Amino acid sequence: MIPARTVVPDVRSLVFRCLMLLPGAVMGLGLIVFSLGLVVFLAFRHNDGSVLGAGWTWSNFQTILTDPLYAQVALRSVMIAGTATAATVLAAYPVAYCIALRGGRWRSLLLFLVTLPFWTSYLLRVFAWKIVLAYNGVFNSVLVGSGILHAPSLAFLNTPAAVVVTLAHAYAPFAILPIYTALEGLPRSLLEAASDLGARPWTTFRRVVLPASVPGVLTASMVVFIPTLGDYVTPALVGGPRSIMIGSLIQMQFGRANDWPFGAALAVAVMLVVAGGMVLGRKLSVGRQG
Amino acid sequence: AALTVSGAARAEDGKLTYFTWSGYERPEYDEVYLKSHPGTISASVFGDDDDAFTKLKAGFRPDIAHPCYDKIIRWKDAGLIEPIDTKRLSNWKNVFPSLKSLPALQAGDGKVWMVPWDWGNTSIIYRTDLLPNPEMSWNLLWDKQYAGRMATIDAVHDTPVVAALVAGVNPFDLSPSDMEKVAAKLREQRPLMASYTTDMTSIEQSLASGELVASMGWNEAVVALRKQGVPVAFMKPKEGMLTWACGFVMLKGTKNADLAYEFMNSRLDVSSGQHLIENDGYGASTSTAFAAVGPEKLKELELPSNPDDMFKTTVFTAPMKQADELAKMFEKIKAGG
Amino acid sequence: MTGALLKLDGIGKIFPGGGIGLDGIGLEVGHGEFLSLLGPSGCGKTTTLRIIAGFEAPTSGRVLLDGEDITARRAFERPVNTVFQDYALFPNMNVQENIEFGLSLRRMASVERERKAKQALELVGLPDKAKARVTSLSGGQRQRVALARALVCEPQLLLLDEPLSALDASLREHMQSELKRLQKELGTAFVMVTHDQTEALSISDRIAVMNKGRIEQVATPATLYDRPASRFVASFIGTTNLISAIFQNREDTRLRFAVGSDWHPVMNVPGELSLMPGTEVTLAMRPEDIVMSEKNSPDTFMGRVASITFHGRSLRLQVRYGDSELWVDVPRDDRARSHVVEGAELSFRLRPDAMCPVLVS
Amino acid sequence: MTGALLKLDGIGKIFPGGGIGLDGIGLEVGHGEFLSLLGPSGCGKTTTLRIIAGFEAPTSGRVLLDGEDITARRAFERPVNTVFQDYALFPNMNVQENIEFGLSLRRMASVERERKAKQALELVGLPDKAKARVTSLSGGQRQRVALARALVCEPQLLLLDEPLSALDASLREHMQSELKRLQKELGTAFVMVTHDQTEALSISDRIAVMNKGRIEQVATPATLYDRPASRFVASFIGTTNLISAIFQNREDTRLRFAVGSDWHPVMNVPGELSLMPGTEVTLAMRPEDIVMSEKNSPDTFMGRVASITFHGRSLRLQVRYGDSELWVDVPRDDRARSHVVEGAELSFRLRPDAMCPVLVS
Amino acid sequence: MKIPVPPVLRGSSSGAALWIYVALYLIFLYLPICLIPLFSFNDSVQAAFPLKGVTLGWYRTLFQEEGIHSALWTSLEVGVFSAALATLCGVTVSYASVFMKSRFANLLSYVARLPILIPGVIIGIAMLIMANLVGIGPSVPAIIAGHTLVGLPATVMVMQGRFASFPRSIAEAAEDLGAREWTLVRRVLLPMAVPAVGSAFMLAFLTSFDEFIIAFFLSGPHPTLPVYIWGQLRFPRSLPIVMALGSLILAVSVVVSILSEALRRRGQAT
Ligand SMILES: Nc1ncnc2c1ncn2[C@@H]1O[C@H](COP(=O)(O)OP(=O)(O)OP(=O)(O)O)[C@@H](O)[C@H]1O
Ligand SMILES: Nc1ncnc2c1ncn2[C@@H]1O[C@H](COP(=O)(O)OP(=O)(O)OP(=O)(O)O)[C@@H](O)[C@H]1O
Ligand SMILES: [Mg+2]
Ligand SMILES: [Mg+2]
């Protein structure tokens, strides 16, 4: 047997490969790993008010695990972010479905329409929601005007519900696009096959369309859930005291509480939980695929 | 051991870098300075002096910054600032004596840690129509009757200080048991608040709409609301209004010290102070500025004609010994702990 | 055919863009019949099938099943099932779940369902694949699962859209005989779309040849092969030489024609044909009906072998005669095989008993 | 063949996962030769082609082009071009830009490039499509553009991976003769992968039959058809009846065998063969070599017609003889045609001059 | 003969319900957005009903506010450059992980998706420390670097999906015809991926355009628009001005989108 000679890339190819890897390596290994390294490093330091803290310790994590407040806030954050994610994804699903399967020639127009609101500044959109939900806002005016309420209600603004609605609005395109992508790739013939075998439209949806869109729904949930969990601007502006989330807590450790190591430990804890959830989710969905 | 990250990125010599509250970077405040050094101020802004501290701690090194009095000890302890020689400020003599003598400012040897420039009062703004004859007390913010229709300021030197006053303990030096009392007060207050916020835009809007009947706020907001015809009053609580003051600090190792002195002196000039009062509705730190504005205008702005007298009746938000613990505790309570 | 199972009555389909998909199709399919739709790409085969299945509404015309007008029924209300070209198996279900899908919608007990699914899997020869994921199956296996899934619903009519086009030659041949066997065993009527004429010829009871949204001819394979109704059908079914000729005279049951100046073929003509001498006609001669001849006579012609291709059992010659080119198939055992080389001038004639279609047009 | 254009020398390929793709392939392709790689799915045809093109490195062995070892050369350095199964036309370029792509990389002047592209488009019969978008072309047209794009680079060797598999029957036949014509005209060597044996037989100078990563036989189509080297080749090329028999004796150039108890076929055997009487062998009989016979003699057998399928020019019978089933092709003009009905008991024999391969194993 | 067909197979009741839902959803999306232009013309500092009267005053003030111009300009500058860099990194990282099949490239493609997990304040602090170490300090280039980082996950996900969907044969065909890697990327892969590159760029740009906390830490004398607006929240009278700005951005983006769509259509037609 003649031993093989592998195809050896020449110098030009090697240079090319290095050039292609360079930007990613600079960003990835330089900045991302530095940021990540910093947060992990800080998480295990004592706070003495200095930038890098002093001495090594587990105590930050001990506090997080032992003080019930953090579990409580984490639970609340997961509830709010989870509700917001569920609301966003559920509300967006029929829209993505409609664009993907019924859109026809209106498809690109509809896609454009759902991304357009994104062009205004986020803070402006939050303010717009305050106007809608406020005491004398659009919502209350309509309800009072139509006689449903006698006096304007305070129950809209400064509640977790307001956070959920605002987030569901802000993240709409992030939910619609992945679901749209998943459904758009669904072969038409699967729908027809189901109908052909006697499935009514709702059965077809439940047993064929929905399972096919699971990957899209998972992606959508992830890109909505992770950023909302860490959000602190929206709760601060529309949420009231009952909506303070883990993101605000992390933020404040780096700000007025001046305890960077503790903030870093909180961040690491959240990252671990989210990453664990993601791995679990992937395992489950891969398991389903066989 | 305070490890500071080197401020390698210092602006080039001859150009003063100034780190201030958003809005105070406008050239109108620096007419005198700019006359002799046109176009040589490079300003960065912040919306909260705690965020500013974080940014400095991470290594940002301007020449001058603009924190408030209650943060001075923290900034000093972090080794960020250096004493300012008041002898080099020709306008220092015009600064109100009560401000000059604020205890935490003193760096000894005629030097100060901060040159006061702006100040203001914090109290309860309330709707006179919806809340006709309230008891003149901070206790209003604990009145269950108005649950959900009040707001307070999301800052350690405001709400927790008031809580301490209401609890009857010294806000600026809290023993562990005092701390517990403050915490209890704050816990009691949390369910009553529609929001904790620093966003005056929202507070004004909510007061105007009647969603809020009362809120902690600044004197300037009252003026703005009245201008729009909203019936509001600025309470004079029996425990005393809060007074805050902010000013300039020189960051350690500045290479533009001469310019910095010139800049601060320019800010203590009449024109600068007058613009601050007339444009922003806050107090200036110099008597000359107050004299230039005139009593009618001052009254309209809810400002006293002689601040030195007023300072005796208000609570100055000074540095708190337990600032860090208080901040942590406040954050936890806001989050429901 | 009055008792037809399926009757298409003047079905027309104009697509939203204005494209004409079908142009007034009439078709009947008998009980237990195997009918193929054959035609070039884009002729409307799939559209016809989709209208029968109910995925597409016709712009005009009616669909009758067992005499009942089902034009207005939705797909899931029709006792018709489809085997899709791309199989359209549900990727989120395993083989058995796929097969049981249709039954589960009929609220059949799960024991009964399982029994039926098992039976169906045995029928298509995959009894051990019940729990397999459909993505792990090969093309041929998927096709059989698709078939089982449709058959288990016991449709009155099974529609198949190019069910074999994705398979390679040997698997394809195998599946053809499987399909035919199944259809006979079950007695279900099959309507199959294909664009492969060999497949259609070998598998169907009748074939409908379509072209440009119309049906050109519906007939048994043999009739279609021997008596194409039009030039299009003649050229589409099998390889055919279409030759212009002039009718000369009749000799008993045989007709004599003139092609070019020196070739006067004589042939049996299937069916009745009354022609005036001198009429111009087109003769459709199959390559296997032209044979080498040794003697030179009026019914032979001299042609030059332009190319030879090996087709296994026979050699296909491209023979130049005058300006035209003819395909001639020579069996490999032909004694004259050794003469056949490129460039040779040889003498050919129509096989004496060849029956060639004559198209007057 | 010492002056071979391409020489594969002990090429093996083990995939990273441990799967064996190729198992020591040796193959030579001459200048201007048309060689087909034929074999069932997964046998390693595509892998062989990819190794020749340079997309895949072999695990062992060498690739020689014109005597030079090119095993270590990158794809873009090899004077070899490929026509991909899915055409792989660049969707962002029009037809002409696609064709000019390879030339533009050779820094050819744009006038010259345009001239060559035009010429190539004429060669493949698409002179008017130069400016068309590739997405607007039909399958057959795309295939021709892919061909033009590869040919315009004037490769020494052109590789084609199932270039016709996506086309329908009539277009496919047309493209086969086009390919053959082009290859002759240009004198370029072609290596084509296919799994369609009819295609391979009709188009190739030589065929390499592959199975499970090995080459089973390389030979001309006729040799392959008449003298398959193995059972696998025999069954893969054309439809073949593989029948166990016992050699009895030799009569001049003809051999006599015994099949079952009562059939003693006599046949011409191609090539030399020395057998001991009583040896057990496998006979490969083509369906067209079994014919109906009228008299009953030792070299005939009685079989029952189990099924009949219409194949156009002939009928294919499935004939049951003893326990086994034989395929028999009956020409439609056979005088006995009327006897052929399902269930009939008929007498068959091997055609007297049939040459059947005999496999000893 | 034409036999009329009953109109059953088209529009079902569930279909109509779906479209009604989509219409309602669009109202949900646009209701708050429409308020922005509405209140930008309202003659009152209070963004509340009832409207007080129509004015162009806020727009006039907007044109005079130096700070907001410079903030908008900084935001655009940062957005464009960081989106361009993020797209460049996204393209190269995805190319490497899809076509180069090296472990390192795969690792990079995972690392590049991590920033979605890291809280902004940490990225801000880390980047500020980094900027000081490098010597550029808080400045526009520093914000660009920070925003490139947060834009990266989206661009990598989009580009990787696109590249992975190309048939393997396309790259091989180019190589077969004599193209080296660079030619392959420049003349085949990138032109084929233009829509994906566009949407990756867009996502990165929008992320940067809305980002606040990292921009705060990294801004020197030139704040970005969100930093500016955040600072201005203390001044109620700047809200209508910001709304005027938002309305202008909205109007410009509608016009730009319509133009680019029209261009795309024309490109397709020829
Ligand atoms: N949804 C549609 N909109 C517009 N035209 C269509 C549509 N579906 C099919 N057509 C057109 O109708 C004609 C018939 O299409 P059909 O799919 O029935 O062809 P086919 O015979 O199945 O062809 P193939 O063998 O290629 O599958 C074609 O010209 C096609 O372009
Ligand atoms: N990249 C790969 N990794 C692992 N195994 C592979 C890879 N490519 C091919 N194989 C395996 O190598 C064998 C030969 O594959 P190849 O693609 O050459 O088959 P083929 O003869 O072209 O088949 P087909 O007719 O289906 O195209 C197959 O068993 C296949 O599964
Ligand atoms: Mg079709
Ligand atoms: Mg292959």
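None of the values given here were measured: they were computed from a predicted structure. Residue numbers start from 1 in every chain, and the chains themselves are labelled A, B, ... in the order their sequence lines are given, proteins ahead of strands.
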Colleague: Using 0.5 Å steps for rounding, measure from the CD1 atom of E/I20 to the SG atom of A/C98.
Modeller: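 So the CD1 of E/I20 and the SG of A/C98 are separated by 11.0 Å.
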
Colleague: Measuring heavy-atom distances to chain A, does E/L108 have an atom under 4.5 Å in its side chain, in its backbone, in both, or in neither?
Modeller: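 For E/L108, the side chain is the part near chain A, not the backbone.
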
Colleague: Going by heavy atoms in the side chains, are E/I36 and A/F127 under 4.5 Å from each other?
Modeller: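 SC-SC contact between E/I36 and A/F127 ruled out.
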
Colleague: To the nearest 0.5 angstrom, please state how far the CZ atom of A/F112 sits from the CD1 atom of E/I258.
Modeller: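 Taking CZ in A/F112 and CD1 in E/I258, the distance rounds to 6.0 Å.
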
Colleague: Taking side chain as everything from C-beta outward and backbone as N, CA, C, O, which of these in E/F28 sits under 4.5 Å from a heavy atom of chain A? Side chain, backbone, both or neither.
Modeller: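 Backbone plus side chain of E/F28, per the 4.5 Å heavy-atom cut-off to chain A.
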
Colleague: Would you name the heavy atoms of E/C89 and A/M27 that are closest together and state the gap between them?
Modeller: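 Where E/C89 meets A/M27 most closely, the heavy atoms are SG-CG, 3.4 Å.
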
Colleague: Could you walk me through whether A/M252 and E/V121 pass the side chain to side chain contact (heavy atoms under 4.5 Å, CB included) test, one step at a time?
Modeller: CA-CA 10 Å; A/M252 289 310 167; E/V121 58; over 6 Å; no

Colleague: Taking side chain as everything from C-beta outward and backbone as N, CA, C, O, which of these in A/L123 sits under 4.5 Å from a heavy atom of chain E? Side chain, backbone, both or neither.
Modeller: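 Contact with chain E is through the side chain of A/L123 alone.
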
Colleague: Is it the backbone or the side chain of E/L107 that comes under 4.5 Å from a heavy atom of chain A, or both, or neither?
Modeller: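 E/L107 has no heavy atom closer than 4.5 Å to chain A.
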
Colleague: Given the options E/L29, E/V111, E/I33, E/L117, which has more heavy-atom pairs under 4.5 Å with chain A than any of the others?
Modeller: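 Max contact count across the listed options: E/L29.
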
Colleague: Measuring from atom CZ of A/F16 to atom OH of E/Y95, what distance do you get when rounded to the nearest 0.5 angstrom?
Modeller: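 Separation between the atoms: 4.0 Å.
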
Colleague: Do E/F104 and A/L29 come within less than 4.5 Å of each other through their side chains, counting heavy atoms only?
Modeller: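 Yes, their side chains come closer than 4.5 Å.
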
Colleague: Any sub-3.5 Å donor-acceptor pair from E/Y21's side-chain atoms to A/A91's backbone N or O?
Modeller: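 A pair under 3.5 Å: yes.
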
Colleague: Test: side chain to side chain donor-acceptor pair (under 3.5 Å). Region: residues 254-270 of chain A. Which pairs qualify, not counting sequence neighbours?
Modeller: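 Listed by first then second residue: A/N47-A/D259, A/R256-B/D154, A/R256-B/E331, A/N258-B/K57, A/D259-B/K328.
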
Colleague: What part of A/V268 gets within 4.5 angstrom of chain E, counting heavy atoms only: side chain, backbone, both, or neither?
Modeller: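 Answer is neither: A/V268 stays 4.5 Å or more from chain E.
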
Colleague: Examine whether an atom of E/L114 lies under 4.5 Å from a heavy atom of chain A, and if so say whether it belongs to the side chain, the backbone or both; otherwise answer neither.
Modeller: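 Only the side chain of E/L114 comes within 4.5 Å of chain A.
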
Colleague: Report the distance from atom OG1 of A/T115 to atom CG of E/L206, rounding to the nearest 0.5 Å.
Modeller: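 With rounding to 0.5 Å, OG1 (A/T115) is 8.5 Å from CG (E/L206).
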
Colleague: So which of E/L88, E/V91, E/I125 has the largest heavy-atom pair count under 4.5 angstrom toward chain A?
Modeller: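 Highest number of heavy-atom pairs under 4.5 Å: E/I125.
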
Colleague: Where along residues 130-141 of chain A does a heavy atom come under 4.5 Å of chain E, listed by residue number?
Modeller: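 A/I131, A/V132, A/N136, A/V138, listed by number.
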
Colleague: Is it the side chain or the backbone of E/L26 that comes within 4.5 Å of chain A heavy atoms, both, or neither?
Modeller: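 Only the side chain of E/L26 comes within 4.5 Å of chain A.
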
Colleague: Rounded at 0.5 Å granularity, tell me how far CZ in E/F99 sits from CE in A/M20.
Modeller: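 Reported to 0.5 Å precision, the distance equals 9.5 Å.
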
Colleague: Could you pull out all residues at least two apart from E/W58 that satisfy ring-ring contact (aromatic ring centres under 6.0 Å, His included)?
Modeller: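 E/W58 satisfies ring-ring contact (aromatic ring centres under 6.0 Å, His included) with no residue once adjacent residues are dropped.
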
Colleague: Give, as side chain, backbone, both or neither, the part of A/I176 having an atom under 4.5 angstrom from any heavy atom of chain E.
Modeller: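 Side chain of A/I176 only, per the 4.5 Å heavy-atom cut-off to chain E.
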
Colleague: For residues A/Y122 and E/E211, determine if any side-chain heavy atom of one lies less than 4.5 Å from a side-chain heavy atom of the other.
Modeller: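 The answer is no; the side chains never approach within 4.5 Å.
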
Colleague: Check each atom of E/L35 against the heavy atoms of chain A and say whether the ones under 4.5 Å are side chain, backbone, both or neither.
Modeller: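 Contact with chain A: side chain only.
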
Colleague: Is there a side-chain contact between E/V93 and A/P23 (heavy atoms, below 4.5 Å)?
Modeller: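 E/V93 does not reach A/P23 side chain to side chain.
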
Colleague: Between A/A172 and E/Y25, what is the shortest heavy-atom contact and its length?
Modeller: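 Closest approach of A/A172 to E/Y25, heavy atoms only: CB-OH, 3.2 Å.
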
Colleague: Between E/Y30 and A/P117, is any pair of side-chain heavy atoms under 4.5 Å apart?
Modeller: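 Side-chain contact under 4.5 Å: yes.
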
Colleague: For A/L21 versus E/A96, what's the shortest heavy-atom pair and its separation?
Modeller: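 Smallest heavy-atom distance, with atoms named: CD2-CB, 3.6 Å.
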
Colleague: Please rank E/M202, E/M130, E/R180, E/M157 by heavy-atom pairs under 4.5 Å with chain A and give me the top one.
Modeller: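 So the answer, after comparing E/M202, E/M130, E/R180, E/M157, is E/R180.
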
Colleague: Between A/L237 and chain E, which part of the residue has a heavy atom less than 4.5 Å away: side chain, backbone, both or neither?
Modeller: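 Just its side chain gets close to chain E.
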
Colleague: For the candidates A/G230, A/P94, A/A267, which exhibits the highest count of non-hydrogen atom pairs separated by less than 4.5 Å from chain E?
Modeller: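 The answer is A/P94.
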
Colleague: Between A/V270 and chain E, which part of the residue has a heavy atom less than 4.5 Å away: side chain, backbone, both or neither?
Modeller: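 Neither part, no heavy atoms under 4.5 Å.
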
Colleague: How many angstroms lie between atom CD of E/E181 and atom CG of A/L14, to the nearest 0.5 angstrom?
Modeller: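 Between E/E181 CD and A/L14 CG, I get 9.0 Å after rounding to 0.5 Å.
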
Colleague: Shorter than 4.5 Å, heavy atoms on both sides: which option in A/V274, A/L113, A/V39, A/I250 has the most such pairs with chain E?
Modeller: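 The residue among A/V274, A/L113, A/V39, A/I250 with the greatest pair count is A/L113.
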
Colleague: Does A/R125 form a side chain to side chain contact (heavy atoms under 4.5 Å, CB included) with E/D210? I'd like the steps, not just the answer.
Modeller: CA-CA 11 Å; A/R125 272 174 282 147; E/D210 270 353; 2.7 Å; yes

Colleague: Checking heavy atoms, do the side chain of A/L38, its backbone, both or neither come under 4.5 Å from chain E?
Modeller: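 The answer is the side chain of A/L38.
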
Colleague: If you count heavy-atom pairs within less than 4.5 Å of chain A, which of E/I229, E/L250, E/I213 leads?
Modeller: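 Of the candidates given, the most pairs with chain A belong to E/I213.
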
Colleague: Is the shortest heavy-atom distance from the side chain of E/T92 to the side chain of A/L22 under 4.5 Å?
Modeller: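 A side-chain contact is absent here, since even the closest heavy-atom pair is not under 4.5 Å.
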
Colleague: Should the heavy atoms of other residues, nucleotides or ligands under 6.0 Å from CZ of A/F41 be counted, would the total exceed 12?
Modeller: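 Counting neighbours around CZ of A/F41, more than 12 heavy atoms of other residues, nucleotides or ligands fall under 6.0 Å, so yes.
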
Colleague: A/Y171: what forms a ring-ring contact (aromatic ring centres under 6.0 Å, His included) with it, not counting sequence neighbours?
Modeller: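 A/Y171 satisfies ring-ring contact (aromatic ring centres under 6.0 Å, His included) with A/F174 only.
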
Colleague: Can you name the closest pair of heavy atoms from A/S35 and E/I122 and give their distance?
Modeller: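 In terms of heavy atoms, the two residues are closest at O-CG2, 4.2 Å.
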
Colleague: Need one label for A/I226: side chain, backbone, both or neither, based on atoms under 4.5 Å from any heavy atom in chain E.
Modeller: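 Just the side chain, heavy atoms under 4.5 Å.
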
Colleague: For the candidates E/V22, E/V242, E/I249, which exhibits the highest count of non-hydrogen atom pairs separated by less than 4.5 Å from chain A?
Modeller: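 If we count pairs closer than 4.5 Å to chain A, E/V242 comes out on top.
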
Colleague: Would you mind checking which part of E/L85 comes under 4.5 Å of any heavy atom in chain A, side chain (CB onward), backbone (N, CA, C, O), both or neither?
Modeller: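 For E/L85, neither part sits under 4.5 Å from chain A.
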
Colleague: Which answer fits A/L110, side chain, backbone, both or neither, if we ask what part of it has an atom under 4.5 Å from a heavy atom of chain E?
Modeller: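 Side chain only.
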
Colleague: Against chain A, label E/V252 side chain, backbone, both or neither, depending on which of its atoms sit under 4.5 Å from a heavy atom there.
Modeller: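 Neither part, no heavy atoms under 4.5 Å.
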
Colleague: Can you tell me if CZ on A/R12 sees more than 12 non-hydrogen neighbours from other groups inside 6.0 Å?
Modeller: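 No, CZ of A/R12 has 12 or fewer neighbouring heavy atoms, counting only those of other groups under 6.0 Å.
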
